[in-house]
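Chain naming here is simple, since letters A, B, ... match the order of the sequence lines and numbering starts at 1 in each.
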Amino acid sequence: MSEQQRKAFPFSEFEPKWQDEWEAKKAFHTPNPGDADFDATKPKYFVLDMFPYPSGAGLHVGHPEGYTATDIIGRFKKMSGFNVLHPMGWDAFGLPAEQYAIKTGQHPRITTEQNIEGFRGQLKRLGFAYDWDREVNTTDPGYFKWTQWIFLKLYNAYVNEEGKARPISELEAQGLSRAEIDSRRLAYISEAPVNWCPELGTVLANEEVVDGKSEVGGFAVERRPMRQWMLRITAFAQRLIDELDGLDWPESIRLLQRNWIGRSEGAHVTFKVVQSSGLPSEAAETAAPHSITVFTTRPDTLFGATYMVIAPEHSLVDQIAAPEQAAAIAAYRRVVGSKSDLERTELAKEKTGVFTGAYAINPVNNEQIPIWIADYVMMGYGTGAIMAVPAHDTRDFEFATKFDLPVKQVVQPPAGKDWQGYTDDGIAIHSGFLDGLPTAEAKKKIAAWLEEKGLGKGTTNFKLRDWLFSRQRYWGEPFPIVWEDGHHHGIPESELPLLPPTLEDFRPTGTPEPPLSKATDWVRYSDTATRELNTMPQWAGSCWYYLRYCDAQNSDRFVGIEAERYWMTGSLGDNQTIGQSDNQTIGQGDNQTVSLSPHLPVSLSSPPKPGGVDLYVGGTEHAVLHLLYARFWHKVLFDLGYVSTPEPFQRLVNQGLIMGEDGQKMSKSRGNVVNPDDVVKEYGADALRLYEMFMGPLEQVKPWSMKGVEGVYRFLARVWRLVMVQHEESGVWSLSPALQDVPANKQLTKALHETIKKCGEDIEKLSFNTAISQMMVCTNAFTGAEVKPASAIVTFLKVLSPFAPHLAEELNTRIASQFPDLAVKGFLSDTVWPTYDPAALIEDEVEVVFQVNGKLRDKVRVPIAASKEEIQALALASTRVQEFMEGKPAKKVIVVPGKLVNIVV
RNA sequence: GCCGCUGUGGUGAAAUGGUAAACACAGCAGACUUAAAAUCUGCUGGGAUAACAUCCCUUGUCGGUUCGAGUCCGACCAGCGGCACCA
């Protein structure tokens, strides 16, 4: 017996057939506004997957989870009358291709092409309804031309007083100096300490460093000062927090972003510095050559500041340190400097530090307090200096205890709590004019006092740092920047795309010198200018790919104006009024420019949503990387008038991780990795799709089960046998004689209409597992019927088609062979989602439950129309109910019509 | 340490404040078969009992609100995830 005949249904025959047919007939081609076949009367739906990095290992089962979910939504929306944009592409710049290239000597472009080929084939074999004409590849010069173009926009923009990105030309018009302008660009050069990973031979963004190790590879990362490109994401910190509010994102992801941005309110306070404590404070004040500004969230505890700490790296250290402490300071700095970030956090328990020999003057009471350096204060946050209030800060308390520094109570905690190390709110004491005030009021009063005296003012601080944007790699977008006389400037847009040089040896140099330095001809831009040698990080291409999908073939613009507006806002503009100039402001949150088409349903004219993509599905691992970066770029493009919405993604859903059968994370070393290709080979693409959705709620972490795959496979085979029977000897399948052109009976009709209703509702909620269980219930009902009503089954196939498109299409054409008028002509995917008849759902009789004191005692079937009084009478008449009432009178009777009666005695 | 999420059968899970465990997996029994596979049918939370009748218990623990709580509120416990010397 052949392999094929043993299959419960011949999926391996018809699945490739339908995939070829969809491709040949461009079944999922999506026209843009202006295209001949574009239907302006339909609303739009933009459903997006996080595009994959095409690794050599191919798809893992996690990919089809999110992709199937969006595919079901996309197919359902298309059947429900939407213009659906559902594209796919490749995030193909990055380390693995380059590392593979280094190992094998094969150019990363070749590896990348091969991997993409493999991924594309795998995705096609799963029957996803992508518009392949819109495929994007971040390593394609036609794509990264525009990544470079957007970089130039960032480079040539600054943030004005209102927090909006504006063209740098405005500053030029104001006559600012070159240095001043360069210091305000959104893409700028910085000399600050950065995360250098020697093993990878590149610097990394904060977001790419986890526990002091590189996120990729887990190699040690050290801090060292280097000249790097930064993007001024911090200028958008407040907006990145505030504008989360209008998005339909999981609260957990919004929290993750808020915490990462880390806003805290406090005050800057300036302390004067004296060299030694020998001078009387009067004289010290006049003699003070320096001052130090600290950031604190608790200015109300200023009276309790008994010492000060500045970061060891702080530039002021050398200027204020007493000569006799110089040796100790130098030694401490060496120790701290040699520590990697990992060591610095691992050894965090024990506080270390050195006295500088200098003192600061506490402005509220003129007390001289010693200034220390310690690595628990970091250069990168606030001002790199703190006032230490050991009585009311855990870290300061530890430090003061270790070095025997004074601890002075200034907050009275509630009764029963020790004031030492008490960090919560209380009442100010020993604090002069603040005494008696609760913490919140004390904060306000001291802030006003500081401001009045010119000693400080209220401030907001963010944990978020600017985005380190350059890498010392080969396989990335080259910067469209050249250097001349020590100055940088952007190359003309006409020179884009700037291709990387063809290099034989693209290995990292082992030093911070980027590999592009080896391409001596390429580096030389002119007699006097050389090219920037760094490349952009992997995240660059993914910051805007969703925009490119709107108009992937456009060679004149990163995205066409009309296409962007339609797919991001749903509105169709008037071509006549759209200019091409950079200053053109489409959007700006101004509704006037977003004119709605008169054809669109009224519901779409409700307040515009901030995000353009209707649904974005992907893993949670990008919560603070891609999702934050993309929002930042989008806001810059929005401010500059290039896009119509302030936010990129309106609704975000995170699919849960799929674990191995052993409940552990899938990994090669554990040997619990499931290869989707094997599953498709054995059970078919529809079974894989269906199983991934049936496992449990999309957002939940859940373990794989091959038995579970068999379960849904059996379900698909049952559906197949509703329509088909197999000849016992030959194994040939033919149309079942039980399939007839008869109306469905009442029971089947009800099952069918319940399924239409529940599946439609569940798809909108992304509750695919319950939708599938409802289809199973419906199939079981049909299986039990002797005669299978053909037209009811066709309706069922329409409901099934977004989930198991191959099987649904195949059975539809099989039915068409005998009942051409009952089956759908053409693709099921082009047909209209069925509507359910509410009347079909109503039964003549319902079961009503009788409870006594909330406990179930009896059940009775009553006509649906029975009145409250009738049901109550039936309940009181029930012998079972009377038994449990024990002759007592009913105190209260609750009747829920069609549901239950509860009698309280 | 701080923040967040999740706790329901042997397993994945379901349940607008209204019959807990739908649907599926695994298991058991039966039908078909020379046999197996496949398929179909039935049973399958725990306990009491001669009983398939019947009763009691059961959604991490303890308490509260309610005629009625897996669902709402409070406290706690456990697991997972994130952040972490951020002043």
Side-chain angles (χ1 to χ4, degrees), chain A residues 1 5-8 210-211 250-256 258-260 262-264 266 294-298 301 309 344-345 347-351 374-378 380-389 392-396 398-399 423 461-465 620-621 623-624 656-657 663 691 694-697 699-712 714-715 717-718 721 726 767 769-780 783-784 847-859 880 883 890-896 898-905:
Chain A
M1 207 181 248
Q5 281 164 318
R6 288 217 315 277
K7 304 251 194 248
V210 180
D211 292 336
E251 188 50 34
S252 58
I253 298 291
R254 296 200 291 188
L255 259 158
L256 239 43
R258 280 195 207 103
N259 290 345
W260 186 263
R263 181 194 154 98
S264 54
V294 302
F295 173 72
T296 176
T297 55
R298 293 295 299 273
T301 62
V309 184
R344 205 161 152 170
T345 43
L347 302 173
K349 291 155 217 156
E350 191 69 359
K351 294 275 182 292
D375 66 357
Y376 82 92
V377 170
M378 287 165 300
Y381 183 76
T383 61
I386 62 155
M387 63 176 210
V389 184
H392 307 294
D393 180 279
T394 318
R395 297 146 303 183
D396 296 345
E398 278 173 27
F399 192 84
T423 57
N461 235 308
F462 296 94
K463 276 199 268 184
L464 185 71
R465 315 289 164 82
T620 183
E621 68 273 17
V624 290
L657 205 62
Y691 174 65
F694 187 60
M695 289 173 84
E699 290 169 271
Q700 204 157 90
V701 177
K702 44 211 177 265
W704 185 268
S705 156
M706 262 328 169
K707 289 287 185 188
V709 182
E710 280 179 39
V712 294
R714 280 202 283 266
F715 160 67
R718 269 204 304 282
R721 289 196 309 269
Q726 189 167 30
S767 298
N769 55 331
T770 50
I772 292 165
S773 78
Q774 178 60 40
M775 288 190 283
M776 288 173 169
V777 170
C778 187
T779 302
N780 292 345
T783 301
E847 193 176 60
V848 172
V849 173
F850 298 155
Q851 295 178 333
V852 178
N853 288 337
K855 291 207 173 188
L856 175 68
R857 295 306 179 191
D858 203 1
K859 300 175 191 179
R880 300 259 313 128
E883 203 178 301
K891 272 193 219 149
K892 195 170 178 182
V893 181
I894 290 106
V895 183
V896 183
K899 277 265 180 208
L900 61 76
V901 179
N902 189 13
I903 297 160
V904 187
V905 293

What distance, rounded to whole Å, do you find between the two P atoms, one in B/rC62 and one in B/rU8?
16 Å

Looking at residues at least two apart in the chain, or sitting in another chain, which of them share a side chain to side chain donor-acceptor pair (under 3.5 Å) with A/Ser773?
none

A/Lys892, nearest nucleotide to its side chain (from B/rC85, B/rC25, B/rC67):
B/rC67

Treating a pair as Watson-Crick (purine N1 to pyrimidine N3 plus N6-O4 or O6-N4) or G-U wobble (N1-O2 and O6-N3) with both distances under 3.5 Å, list the stems of 3 or more consecutive pairs that involve RNA chain B.
B:1-7 with B:77-83, B:10-12 with B:23-25, B:27-31 with B:39-43, B:45-48 with B:54-57, B:60-64 with B:72-76

Gap between atoms CD and C1', on A/Gln700 and B/rG7 respectively (whole Å):
11 Å

Protein-nucleotide distance (A/Lys463, atom NZ; B/rA87, atom P), rounded to Å
7 Å

Tell me every residue that passes side-chain contact (heavy atoms from CB on, under 4.5 Å) with A/Asn769, counting only those two or more places apart in sequence or in another chain.
A/Pro697, A/Ser767

Kindly indicate whether a cation-pi arrangement holds for A/Lys351 with A/Tyr376, taking the cut-offs as under 6.0 Å to the six-membered ring centre and within 45° of the axis.
yes

Atom CZ of A/Phe399 to atom P of B/rA87: distance rounded to whole Å?
18 Å

Would you mind classifying the nucleic acid contact of A/Asp396 as base, sugar-phosphate or nothing, using non-hydrogen atoms under 4.0 angstrom?
nothing

Considering only the P atoms, how many Å lie between B/rU6 and B/rG60, rounded to the nearest integer?
13 Å

Starting at atom CG of A/Leu657, determine the distance to atom P of B/rG79, rounded to an integer number of angstrom.
20 Å

Under 4.5 Å between any side-chain heavy atoms of A/Met775 and A/Ile772, yes or no?
yes

A/Thr423 meets the side-chain contact (heavy atoms from CB on, under 4.5 Å) criterion, sequence neighbours left out, with A/Thr394

Partner residues of A/Asn780 under the side chain to side chain donor-acceptor pair (under 3.5 Å) criterion, sequence neighbours left out
A/Arg718

Can you name the side chain to side chain donor-acceptor pair (under 3.5 Å) partners of A/Arg714, sequence neighbours left out?
none

B/rA21 versus B/rG45 - spacing of their P atoms, nearest Å
10 Å

Tell me: CD of A/Glu699 to P of B/rU6, nearest whole Å?
10 Å

Among all residues two or more places apart in sequence or in another chain, which pass the side chain to side chain donor-acceptor pair (under 3.5 Å) test with A/Asn461?
none

Once each nucleotide of nucleotides 15-22 of chain B is scored for protein heavy atoms under 4.0 Å, what B/S/- sequence comes out, 5' to 3'?
---BB--B

Syn if the chi torsion is within 90° of 0, anti otherwise; quick check, which is B/rG9?
syn

Expected rows: protein N/O vs nucleotides 36-43 of chain B N/O, under 3.5 Å:
from, atom 1, to, atom 2, distance (Å)
B/rU39, O3', A/Arg721, NH2, 3.0
B/rC40, OP1, A/Arg721, NH2, 3.3

Over how many whole Å does the gap from A/Ile772 atom CD1 to B/rA24 atom P extend?
12 Å

Would you mind classifying the nucleic acid contact of A/Lys707 as base, sugar-phosphate or nothing, using non-hydrogen atoms under 4.0 angstrom?
sugar-phosphate

Measure all distances between protein nitrogen or oxygen atoms and nitrogen or oxygen atoms of nucleotides 56-59 of chain B, and list the pairs falling under 3.5 Å.
from, atom 1, to, atom 2, distance (Å)
B/rC56, OP1, A/Arg857, NH1, 3.4
B/rC56, OP1, A/Arg857, NH2, 3.1
B/rC56, OP2, A/Arg857, NH1, 3.3
B/rC57, OP1, A/Lys855, NZ, 3.4
B/rC57, OP2, A/Lys855, NZ, 3.0

Given the structure, check if the side chain of A/Lys351 and the base of B/rC85 hold any donor-acceptor pair shorter than 3.5 Å.
yes

Would you tell me if any nitrogen or oxygen in the side chain of A/Arg880 comes within less than 4.0 Å of OP1 or OP2 on B/rC55?
yes

Between A/Thr301 and A/Met387, is a side-chain contact (heavy atoms from CB on, under 4.5 Å) present by the stated rule, with each step listed?
CA-CA 10 Å; A/Thr301 62; A/Met387 63 176 210; 3.7 Å; yes

Euclidean distance for P, B/rG68 against B/rU19 (whole angstrom)
15 Å

Nearest-Å distance once atom C1' is located in both B/rG17 and B/rC72
8 Å

Any A/Tyr381 side-chain N or O less than 4.0 Å from OP1/OP2 of B/rA87
yes

What is the distance from NZ of A/Lys702 to C1' of B/rG7, rounded to the nearest Å?
17 Å

Starting at the 5' end of RNA chain B and moving along, which residue's nearest nucleotide shows up first, A/Ile903 or A/Met387?
A/Ile903

Listed by chain and number, what are the side-chain contact (heavy atoms from CB on, under 4.5 Å) partners of A/Leu856, not counting sequence neighbours?
A/Val849, A/Lys859

Provide, to the nearest angstrom, the distance between the CG atom belonging to A/Leu464 and the P atom belonging to B/rA84.
12 Å

Pairing residues for A/Lys463 by the salt bridge (Lys or Arg N to Asp or Glu O under 4.0 Å) criterion, not counting sequence neighbours:
none

Here's a test of your reading of the structure: between A/Asn853 and A/Gly711, which maps to the more 5' nucleotide of RNA chain B?
A/Gly711

What's the closest nucleotide to the side chain of A/Leu256 if the choices are B/rG12, B/rG4, B/rG82?
B/rG82

